[in-house]
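Since the structure comes first, as structure tokens, the remarks are kept for the end.
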Amino acid sequence: MSEPASTLDSTGRETLGLKVGAGGAVAFLAGLVLGSKLLRIAGVGAALVGGGLYAREKLVERGEKISAAETSIRSELDDLDPVARAQVLKDLAESDS
């Protein structure tokens with residue numbers, strides 16, 4: 001099977017979350033102006049969904065950065081001799097306390 005026709009990259013997903021959230025805020029304000037309870041509820045819901053989408057994307061991005069840093073640190077530690085590696089790990093353990 002082929003891949004989906006359209007996939008969003010990280011920036012596109014962030015932008016989508018921001019657009020949904022902003023649209024929800026506009027809908028909420030329109031509901032206030034027009035006195036529409038349904039529009040206010042839909043606006044709050046859309047704003048929450050947009051915020052959730054944006055936050056989820058930021059957490060994924062953060063996880064990727066952590067993973068890349070962990071890989072880099074492990075690679076650097078593997079390049080050290082056993083005594084130096086033990087000293088670095090000891091220093092790290094002591095600095096965390």
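None of the values given here were measured: they were computed from a predicted structure.
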For residues 84-93, run the donor-acceptor check on the side chains, cut-off 3.5 Å, and write out each pair with its distance to 0.1 Å, sequence neighbours left out.
unit_1	atom_1	unit_2	atom_2	d
Arg85	NE	Leu77	O	3.1
Arg85	NH2	Leu80	O	3.1
Gln87	NE2	Asp91	OD1	2.9
Gln87	NE2	Asp91	OD2	3.4

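Expressed to the nearest 0.5 Å, how far OG1 of Thr11 lies from CD of Glu14 amounts to 6.0 Å. Of the inter-residue distances, the one linking Lys58 atom NZ with Arg13 atom CZ reads 12.0 Å to the nearest 0.5 angstrom. For the atom pair CG (Leu53) and CG (Leu48), the distance works out to 11.0 Å, reported to the nearest 0.5 Å.
Both Val44 and Leu32 are part of a single hydrophobic cluster, where members link through side-chain heavy atoms under 4.5 Å apart. Cluster membership check: Leu16 shares its hydrophobic cluster with Val49, using side-chain heavy-atom separations under 4.5 Å among Ile, Leu, Val, Met, Phe, Trp and Tyr.
The backbone N or O of Ala68 lies less than 3.5 Å from no partner atom in the side chain of Ser72, so there is not a single donor-acceptor pair. No side-chain donor-acceptor contact under 3.5 Å links Ser67 to the backbone of Gly63.
Here side-chain hydrogen bond (donor to acceptor under 3.5 Å, both in side chains) pairs that include residues 34-49, with residues two or more places apart or in two chains, number zero.
Minimum interatomic distance between Gly24 and Ala46 (heavy atoms only, all atoms of both residues): CA-CB, 3.6 Å. Annotation for Ala25 and Ala47: closest pair N-CB, 4.3 Å, computed over non-hydrogen atoms.
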